[in-house]
Amino acid sequence: MKFKPRTVGDIIKHYSTPHADRACPTSFYSWEETQVMMKDITTHNNFHNLPNNKFISAIKPAYKLIDNAEHLKIALKPFQQAKIIGIDCETALGTDPYRAKVRLVQLAIPDRPVTIVDIGAIAPADLNPLRALLAGNALKIGHNLKFELMMLTIAQLPPSLPFFDTYLAYRVLVAGLKRNFSLESAVDRLLGIKLDKTLQTSDWSGTLTPNQLQYAATDAAILLPLRETLKQKLKVSKLWETAKLEFACLPAVASMELNGMLLDREQWKVLGDKLCQTRNLLLTQINSQLHLPNPHQQISLLPEFTETINPRSPKQVLAALQSAGIPVNSTNTQTLIPFAGKYPVIQALLDYRSVSTRISTFVEGLPHHIHPVTGKIHPNWFQIGARSGRFSCREPNLTNIPRDGETRQCFITAPGCVLLKADYSQIELRIMAKISGDRAMVAAYAKGEDLHKLTASLVLDKPLSKIASDERQLGKIVNFGLIYGMGVNKFKHMAQSEHGVILTREKASLFRKKFFNSYSGIKQFHAAVRQQWQKGIRESRTASGRRRLWSKESKPLLNEMLNHPIQGLSADITKLALAKLVVALKRTGAKLICVVHDEILLECPIAEIEQVKTLLHSCMVSAGDKFLSPIPCEVEIKVLATWGG
DNA sequence: CTCTTGAGCGCC
DNA sequence: AAACGGCGCTCAAGAG
């Protein structure tokens, strides 16, 4: 399954226009237009001039409680014609989808009382009308629909596309700014209505009070005007496409969170024991060589002198290093590495810190998150977790699991399944090629050349064919470092600390110069962004239209503005792939279980490997092609028994 | 006692 | 004058 390359001529031709004639890389809009877009969201709306009665009914909407099968059928009749339905759930026993129970499902359409279905009072088989409604084609509005999707899926009432999530919409609208994204706060800021949320965490398992029902009805009803306002604002800000992408991605995220990942407990313990042994060894080694300076010289020969230091305390480490005559003023890895060769204890210290984080964060931390019901790890996935538009993942964070085989081999699949691991190849470099239109990069990709090798050959003045593997490694460092505007010093340090390549300041500076002279498109891209940055512009757009804002109080860093178009577009590509994938996988037994930025993990029944592999590949490549074309998009898929191979 | 902050380190 | 970007977790240390 290899990507079919276009002809080199086609691709070069696409970029035959001078860079200066191309769209501004960070924003398609003038700063004046941008400020108009921003004004709307950075200040509170003034509602005093609006006819308030428009919202009065939304504050205490009429509602109808449905608690038997007969009434349900009749009550849902008007909803069958509805194109847009506000949906909200109240749950008993918490918010964990595998332990909580859906108590109420509230449905809101214009000009009708909110219909509240008491799930607890109706037999599952009698819920069919509701099931059909949720599975229908109406647009479902909700605030943080991931929760409703998970809860209702477990309750055998899975809602289907299309969705409008007011929470995601609000996040897209103000991406980059600090905001409270609760329904209460969004409704306050966008509609000027104060919601009373005191009943949110009340007991929804027993007999419900009229106040509780009114609260439940209000949450659903308010979604309709909230969506109107958000949609209008998204359109004004040209963010409608981005929001639609997020909505389409929603079912993928909800199912990924429900599916979870399997950890091999026994193997995990073996790994942990091994790491603990290493740690203890390192600790004795460190303590035999480093001691806390004793403030009382006269008793320095007493037992206190041999008191052990805590290598995880920067304060103690600094004091001990200085008293041992090692000239450092900080204990971070960057400053310590140059001394690692001369003082073995420094290397031991560095190793200790690494092993010890791995023990506390991963070995000890992860098992706490194994779910008692499913036996799997179900992290919280936030589809707009990062300011760039990337996902984030919490409790636990599965996107920063150590990448060594021993660790990742502990992540296994269900019996009868394999793990499909799909990676975008060099996605950020390809995005740089696409948005800068740099001729050398474009041509190299068109010819299927190795970009790291190319960079090495350009900065070392050597022919491509003579680039050895360690020189290619250097090219890789240069590529990833300099694309985002890394300074000479940092570049030098990184080459040493991450790859053991020791560069003089002069060499580092020379490589940097050569890099930008060779890739003049990147140089121009940087110059264009720098110009915007100097003008005081506080927004950035990806090629797909996703926006990141910076508040008036904090000027953006130049490098943040250089990075966002790349990292943000990468996130958009992954999200588009996920949106396509969740539809494609419906009729298969494969499950989405993890996403690490440009890597997608599926658990796939052995019998369906080839079919699912094809689907996965085509979803990812077509998503990539949409934004990268004519730069080729390559996806590598591995069939594995475990995440570690 | 809890909460916050910063250092340090894991990942892409 | 800015000097890779984006995250989350744990521990130490200080604040209240």
Side-chain angles (χ1 to χ4, degrees), chain A residues 175-176 275 309-318 330-337 349-366 368-369 379-404 407-408 423-429 431-432 477-495 497-498 508-509 512 515 522 526 529-530 533-534 536 540 542 548 555-571 573-574 594-600 643:
Chain A
L275 284 172
I309 71 159
N310 179 352
R312 293 191 66 157
S313 162
K315 201 180 165 186
Q316 291 182 30
V317 169
L318 186 63
S330 162
T331 64
N332 62 38
T333 312
Q334 293 258 312
T335 51
L336 252 40
I337 275 188
L349 186 62
L350 292 170
D351 290 345
Y352 178 90
R353 286 201 303 219
S354 163
V355 170
S356 133
T357 12
R358 286 187 47 177
I359 290 170
S360 51
T361 305
F362 302 106
V363 169
E364 291 171 356
L366 246 55
H368 293 142
H369 295 283
N380 289 325
W381 290 99
F382 294 92
Q383 74 183 77
I384 316 183
R387 286 183 280 262
S388 57
R390 266 192 182 177
F391 280 79
S392 77
C393 178
R394 285 165 43 180
E395 297 173 16
N397 181 359
L398 289 189
T399 67
N400 70 342
I401 301 298
R403 50 173 305 125
D404 63 282
T407 305
R408 293 207 173 180
D423 261 292
Y424 280 110
S425 148
Q426 301 179 354
I427 189 78
E428 297 199 343
L429 269 184
I431 290 171
M432 179 52 104
I477 306 165
V478 172
N479 278 339
F480 285 114
L482 299 186
I483 274 184
Y484 304 121
M486 192 185 283
V488 172
N489 263 339
K490 187 105 185 184
F491 172 51
K492 177 175 170 283
H493 275 119
M494 175 171 275
S497 64
E498 302 211 351
S509 170
R512 192 169 187 275
F515 176 84
I522 297 181
H526 279 208
V529 176
R530 187 180 294 109
W533 171 75
Q534 274 165 349
S540 170
T542 68
R548 172 175 174 181
K555 200 182 174 207
L557 301 178
L558 173 61
N559 283 331
E560 292 172 339
M561 290 188 72
L562 288 174
N563 177 272
H564 175 254
I566 316 269
Q567 195 181 106
L569 185 59
S570 169
I573 290 172
T574 301
C594 191
V595 174
V596 189
H597 309 305
D598 62 350
E599 172 185 348
I600 296 177
W643 198 2

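Lettering of chains follows the sequences in order, A, B, ..., and the numbering in each one begins at 1. Model, not experiment: these values are computed from the prediction.
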query: Taking it one step at a time, do A:Ser360 and A:Arg312 satisfy side-chain hydrogen bond (donor to acceptor under 3.5 Å, both in side chains)?
result: CA-CA 12 Å; A:Ser360 51; A:Arg312 293 191 66 157; 3.2 Å; yes
Let me know the distance between [atom1] of [X] and [atom2] of [N], rounded to the nearest Å.
| X | N | atom1 | atom2 | answer |
| --- | --- | --- | --- | --- |
| A:Ile337 | B:dG8 | CD1 | C1' | 13 Å |
| A:His564 | C:dC4 | NE2 | C1' | 15 Å |
| A:Ile359 | B:dG8 | CD1 | C1' | 16 Å |
| A:Ile566 | C:dG5 | CD1 | C1' | 10 Å |
| A:Leu482 | C:dG5 | CG | P | 13 Å |
| A:His526 | C:dA2 | NE2 | C1' | 13 Å |
| A:Leu318 | B:dG6 | CG | P | 18 Å |
| A:Leu366 | C:dC9 | CG | C1' | 11 Å |

Could you run down the sub-3.5 Å N/O contacts of the protein with nucleotides 9-12 of chain B?
from   : atom 1 : to       : atom 2 : distance (Å)
B:dC9  : OP1    : A:Thr333 : OG1    : 3.3
B:dC9  : OP1    : A:Arg353 : NE     : 2.7
B:dC9  : OP1    : A:Arg353 : NH2    : 3.3
B:dC9  : OP2    : A:Thr333 : OG1    : 2.0
B:dG10 : OP1    : A:Ser354 : OG     : 2.5
B:dG10 : N2     : A:Asn400 : ND2    : 3.0
B:dG10 : N3     : A:Asn400 : ND2    : 2.8
B:dC11 : OP1    : A:Arg403 : N      : 2.8
B:dC11 : O3'    : A:Arg408 : NH2    : 3.3
B:dC12 : OP1    : A:Arg403 : NH1    : 2.6
B:dC12 : OP2    : A:Arg403 : NH1    : 2.8
B:dC12 : O3'    : A:Asp598 : OD1    : 2.5
B:dC12 : O2     : A:Arg390 : NH1    : 2.9
B:dC12 : O2     : A:Arg390 : NH2    : 2.8

query: According to a strict under-4.0 Å criterion, is A:Lys315 in side-chain N/O contact with OP1 or OP2 of C:dG14?
result: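 The answer is yes; a side-chain N or O of A:Lys315 sits under 4.0 Å from OP1 or OP2.
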- prompt: C:dA13 phosphate, OP1 or OP2: any side-chain N/O from A:Arg312 under 4.0 angstrom?
  reply: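 For C:dA13, neither OP1 nor OP2 has a side-chain N or O of A:Arg312 closer than 4.0 Å.
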Shortest side-chain distance from [X], nucleotide among [options]:
| X | options | answer |
| --- | --- | --- |
| A:Arg548 | C:dG6, C:dC9, C:dA3 | C:dG6 |
| A:Thr361 | C:dG6, C:dC4, C:dT10 | C:dT10 |
| A:Trp533 | C:dA2, C:dG6, B:dG8 | C:dA2 |
| A:Ser313 | C:dA12, C:dG6, C:dC9 | C:dA12 |
| A:Leu558 | C:dA3, C:dA2, C:dG14 | C:dA2 |

field: Side-chain donor or acceptor of A:Gln567 paired with backbone N/O of A:His564 under 3.5 Å
entry: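 Checking the backbone N and O of A:His564 against the side chain of A:Gln567, no donor-acceptor pair under 3.5 Å is found.
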query: A:Glu395 side chain to A:Pro379 main-chain N or O, any donor-acceptor pair under 3.5 Å?
result: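 No, the answer is negative, given that no donor and acceptor are paired below the 3.5 Å cut-off.
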task: Nearest-nucleotide wise, let me know which of A:Asn563 and A:Pro396 is further upstream toward the 5' end of DNA chain C.
output: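 The 5'-side residue here is A:Asn563.
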message: Let me spell it out: for each of A:His369 and A:Arg512, pick the nucleotide of DNA chain C with the closest heavy atom. Which residue's pick is nearer the 5' end?
response: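 Here A:Arg512 is the residue nearer the 5' end.
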message: I'd like to know if A:Glu428 and A:Arg390 make a salt bridge, using a cut-off of under 4.0 Å between side-chain N and carboxylate O.
response: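 Counted as a salt bridge, because a side-chain N and a carboxylate O are separated by less than 4.0 Å.
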query: Can you tell me how far P in C:dC4 sits from the matching atom in B:dA7, rounded to whole Å?
result: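 Roughly 16 Å separates the two P atoms.
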task: Could you go through the side-chain contact (heavy atoms from CB on, under 4.5 Å) check for A:Arg512 and A:Met486 one step at a time?
output: CA-CA 9 Å; A:Arg512 192 169 187 275; A:Met486 192 185 283; 5.9 Å; no
Heavy-atom pair with the smallest gap, counting every atom of A:Pro311 and A:Leu349: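 Nearest heavy atoms, A:Pro311 then A:Leu349: CB-CD1, 3.7 Å.
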message: Classify A:Asn310 by what it touches in the nucleic acid, base, sugar-phosphate, or nothing, heavy-atom distance under 4.0 Å.
response: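 Here A:Asn310 touches the backbone only, sparing every base.
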- request: Carefully, step by step, assess A:His597 and A:Thr399 under the rule side-chain contact (heavy atoms from CB on, under 4.5 Å).
  value: CA-CA 8 Å; A:His597 309 305; A:Thr399 67; 4.2 Å; yes
message: Run the salt bridge (Lys or Arg N to Asp or Glu O under 4.0 Å) test against A:Arg358 and tell me which residues pass, sequence neighbours left out.
response: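 A:Asp404.
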